[in-house]
Amino acid sequence: MLIDGEWVSATDNCWFDSYEPGTGEVWARVAAATEVDVDRAVRAADRAMHSGPWSKMTASERGEALGRLGELVGRHATVLAEAETRDTGKLIRETAGSVAYVPAFYRYYGGLADKIQGHTLPSDKPGIEIFTYREPIGVVAAIVPWNSPQMLLAVKLAPALAAGNAVVIKPSEHGSVPILELGKLVEQAGIPPGVVNIVTGHGHPVGHELTKHPLVRRVAFTGGPETARTIVRNSAENFASLSLELGGKSPQIVFPDADLDSAVNGIIGGIFGASGQSCVAGSRLYAQREIYDDLIERLVDRTKSIRLGSPLDPDSEMGPLATTEQLQRFDSFVSATPAEGGRVLVGGQRPTKPSEGWFVEPTILETHAEGIRAQSDEIFGPVLAVTTFDNEAEAIKKANASQYGLAAGVWTSAADRAHRLIRSLSAGIVWVNTYRATSPVAPFGGLRDSGGGRESGADAVYDYTSVKTAWINSSNQAVSDPFKVQ
Ligand code: NDP
C-alpha cells in the first residue's frame with residue numbers, strides 16, 4: 001500500500017488473494033489494511049494538505065503536476081491496461097482504450113487548477129467589500145469499484161488534486177493492482193509524499209473506517225446502492241460531503257426512423273461492452289412495434305457471433321464476469337425469467353468454451369410481461385431485456401418507469417423528437433444516436449437510486465472546494481459602539 005509516500009504492508013501483515021477472472025486462478029497477493037493503516041493514511045493526507053510542500057505549491061504548479069501524471073499514465077498505458085485486464089477480467093481492447101483516454105482527464109483538470117476562482121460580490125453595504133475564496137475542502141476518500149478502476153479513479157483524483165486536496169484511495173478488492181500501479185507514478189509526477197495514499201483491503205474494515213474518519217471531508221464513491229447507504233450513514237459521523245455514482249437500468253429506445261445498423265451497434269456495445277458490468281449499460285431495450293421483429297433478429301444474429309475469449313486476447317469481443325458473485329447474479333436473474341413470463345431469445349448459459357474462467361453467454365431476454373425482475377433490476381451483466389412500444393408517449397412512460405435514472409439512449413433521425421425525448425427522459429445523461437460516450441468535459445451522474453452529484457466537467461472541481469467569505473470594511477468609518485443608539 002502507499003501511505004505517506006512509502007510502500008508498506010498492513011500493520012498486522014495480513015494479505016488477501018486477488019483472482020484473475022480470465023482463468024479463475026489467484027494471480028496477486030494484496031495487503032489487507034487494518035483500521036490503524038487507514039488512520040495513518042488519513043493523517044498523512046491531512047498533514048500533506050496543511051503543512052507539507054503541497055500546501056505551498058501554487059495552483060499552476062499543481063496543474064503542471066497533474067499534467068505530468070497524465071503523461072506518465074500515457075507512457076505506462078500498456079502496463080496499466082494489462083494490470084486492469086488481469087485483475088478485473090475486462091477485455092484488453094477495452095482497458096487499452098480507456099487507459100489511453102485517462103490522461104485526457106488529468107490534463108483537463110490540470111488545466112483547470114489555476115482557474116478555480118472566487119468572486120467579488122456586489123456588496124449591499126456601503127464601504128464594505130465582500131469576496132469569496134475557493135479553498136481545498138480537505139482530505140478526500142476516493143472509493144473506487146472494479147469495473148473500470150483507472151477511469152473511475154481519474155474522475156475523482158484529478159479534480160480533488162486540482163483543487164489542492166490530498167486523497168486516500170480505497171480500490172475494490174477485485175481491482176487493487178491497477179491502482180497500485182498508478183501509485184508508482186505519483187511520485188515521479190512530482191506530487192509530494194502523503195498527497196496520494198492507497199489503502200487496500202475489504203469494504204469492511206477499510207472502506208468503512210475510511211468513510212467515517214473524522215478528518216475526511218469528502219467521499220467520492222462509485223459502486224452499489226447498498227454500500228452507498230452505509231456511506232451515507234457514515235457521513236453522519238464526519239459530515240463529509242458525498243458524491244454517489246451507483247449504476248442503473250438504462251433504457252435504449254429505438255424509433256422506426258432510426259438508422260438500424262447504427263442502433264444495433266450502439267445497443268450491442270451498450271450492453272455487452274465490459275460484459276455488461278458498466279453503470280451505464282443499456283440493459284432495457286424498447287423498440288417501436290413496426291420494427292421490433294427486424295431489430296430483434298439483427299440483435300440476436302450479432303449476439304450469436306460475439307467471440308468470447310481470454311480478456312488478454314485482443315481478438316476477444318466479450319470477456320468473463322469479474323467475480324463469482326456476478327456469476328450467481330447472472331444465473332439467478334436469467335433462470336427466473338421464464339417463470340416470470342419472459343423468454344430467453346439467445347444466450348442464458350455458461351458457455352462450454354472458454355472452459356476456464358468466469359464466462360457467461362451474452363443474453364437477450366424478451367420481457368413483454370409485467371414484473372419480470374430482469375426488466376427492472378440492475379443485473380450488472382451481459383443481459384438485455386427487450387420489449388415493444390406503440391408511440392412516443394408510451395416509450396417515454398416505459399423508459400421512465402424505473403427507480404434508477406442514470407442514462408438513456410434514443411435512436412431516431414428526427415431532430416424534433418430527439419429534443420422532446422431529451423427533455424422528457426428522467427436521466428442524468430441522454431445519448432442520441434450514440435451510446436456510452438464519456439469525456440472529461442461532460443458531467444456524468446444520475447438521479448434517484450443512481451445516486452447524486454456529478455463527476456467530470458468543469459463544475460465538478462468546485463465540489464472539491466469550500467467557499468470562504470471575506471468581509472473588509474474599507475470605509476474610513478470605525479465600528480461604532482453596538483449598545484449606543486445613534
Ligand atoms: P460495492 O458497492 O460493494 O463496491 C464498490 C466499492 O465500495 C469497492 O471499492 C468496495 O470495496 C467498497 N466498499 C464495500 N463496502 C464498503 C463499505 N462498507 N464502506 C466503504 N466502501 C465499501 O459494489 P460490488 O462490487 O459489491 O458490486 C455490487 C453492485 O454494485 C453491482 O452488482 C452493481 O450493481 C453495483 N456497482 C456499480 C458500479 C458502477 O460503476 N456504478 C461499480 C461496481 C458495482 P470491496 O470491493 O473491497 O468490497
Side-chain angles (χ1 to χ4, degrees), residues 21 24 88-90 145-147 172 174 223-229 246-252 267-287 296 299-300 302-304 306 308 318-352 354 357-388 398-409 435-436 446 448-451:
T88 69
K90 195 167 180 175
W146 42 263
N147 58 337
S172 165
H174 310 293
E226 276 320 305
T227 313
R229 286 191 179 93
L246 311 180
K249 190 76 189 176
S250 299
Q252 295 249 40
I267 293 162
I268 293 281
I271 184 61
F272 300 134
S275 304
Q277 301 169 124
S278 160
C279 50
V280 291
S283 50
R284 291 185 284 151
L285 172 67
Y286 299 100
I296 297 305
L299 287 168
V300 168
R302 181 67 187 93
T303 302
K304 281 181 183 155
I306 290 174
L308 296 182
M318 204 180 96
L321 297 181
T323 66
T324 48
E325 289 79 19
Q326 291 291 117
L327 277 181
Q328 283 153 16
R329 203 170 162 76
F330 171 91
D331 287 340
S332 87
F333 275 97
V334 174
S335 61
T337 296
E340 291 170 347
R343 192 157 71 97
V344 179
L345 298 181
V346 61
Q349 305 292 320
R350 307 264 181 104
T352 47
W358 301 333
F359 288 86
V360 298
E361 291 174 341
T363 298
I364 301 182
L365 305 175
E366 191 166 60
T367 54
H368 295 321
E370 300 258 312
I372 300 174
R373 282 191 315 131
Q375 233 278 329
S376 56
D377 294 9
E378 185 181 42
I379 301 175
F380 223 60
V383 182
L384 178 66
V386 300
T387 189
T388 56
K398 285 184 164 173
N400 285 346
S402 171
Q403 77 268 32
Y404 295 103
L406 182 52
Y435 201 78
R436 249 179 120 211
R448 301 187 294 279
D449 282 10
S450 293

A.B. asks: Check whether any side-chain heavy atom of His174 sits under 4.5 Å from a side-chain heavy atom of Pro21, and report yes or no.
C.D. replies: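 They are not in side-chain contact.
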A.B. asks: Please test Arg284 against Ser402 for side chain to side chain contact (heavy atoms under 4.5 Å, CB included), starting from the C-alpha separation and ending with a verdict.
C.D. replies: CA-CA 10 Å; Arg284 291 185 284 151; Ser402 171; 3.5 Å; yes
A.B. asks: Which heavy atom of Ser250 sits nearest a heavy atom of Leu406, and at what distance?
C.D. replies: OG-CB, 4.3 Å
A.B. asks: How long is the gap from CD on Glu340 to CZ on Phe333, to the nearest 0.5 Å?
C.D. replies: 8.5 Å
A.B. asks: Identify the heavy atoms of Gly319 and Phe359 that sit nearest to each other, and give their distance.
C.D. replies: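 That closest heavy-atom pairing would be C-CE2, 3.5 Å.
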A.B. asks: Out of curiosity, Phe272 CZ to Leu308 CG, how far, rounded to the nearest 0.5 Å?
C.D. replies: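 If I round to the nearest 0.5 Å, the distance is 10.5 Å.
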A.B. asks: Yes or no on side chain to side chain contact (heavy atoms under 4.5 Å, CB included) for Glu378 and Tyr404, after CA distance, side-chain angles and deciding distance?
C.D. replies: CA-CA 9 Å; Glu378 185 181 42; Tyr404 295 103; 3.7 Å; yes
A.B. asks: Check the pair Ser283 / Ile379 against side chain to side chain contact (heavy atoms under 4.5 Å, CB included), numbers first and verdict last.
C.D. replies: CA-CA 9 Å; Ser283 50; Ile379 301 175; over 6 Å; no
A.B. asks: Apply side chain to side chain contact (heavy atoms under 4.5 Å, CB included) to residues Tyr435 and Ile268 and explain how you reach the verdict.
C.D. replies: CA-CA 10 Å; Tyr435 201 78; Ile268 293 281; over 6 Å; no
A.B. asks: Taking Asp449 first and then Lys249, would you say they form a salt bridge - that is, a charged N and a carboxylate O separated by under 4.0 Å?
C.D. replies: no
A.B. asks: Indicate the atoms forming the closest heavy-atom contact of Ala274 with Lys90, along with that distance.
C.D. replies: CB-CE, 3.9 Å
A.B. asks: Of all the heavy-atom pairs spanning Trp146 and Thr88, show the shortest one and how long it is.
C.D. replies: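 Here Trp146 and Thr88 meet closest at O-CG2, 3.1 Å.
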A.B. asks: Tell me the closest heavy-atom pair linking Gly405 and Ser450, and the distance in Å.
C.D. replies: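 So the minimum-distance heavy-atom pair works out to N-OG, 2.9 Å.
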A.B. asks: Would you find a donor on one side and an acceptor on the other, under 3.5 Å apart, between the side chain of Glu361 and the backbone of Gln349?
C.D. replies: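 Pair found, side chain donor or acceptor close to backbone of Gln349.
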A.B. asks: Once rounded to the nearest 0.5 Å, what's the spacing between atom CG of Leu321 and atom CZ of Arg350?
C.D. replies: 8.5 Å
A.B. asks: What's the spacing between Gln375 CD and Thr337 OG1 if we round to 0.5 Å?
C.D. replies: 10.0 Å
A.B. asks: Of all heavy-atom pairs between Ala281 and Gly276, which one has the smallest distance, and what is that distance?
C.D. replies: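 Minimum heavy-atom separation between Ala281 and Gly276: CB-O, 3.8 Å.
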A.B. asks: How many angstroms lie between atom CG of Leu299 and atom CD1 of Ile271, to the nearest 0.5 angstrom?
C.D. replies: 11.0 Å
A.B. asks: Output the distance between atom CG (Leu365) and atom CG (Leu285), rounded to the nearest 0.5 Å.
C.D. replies: 12.0 Å
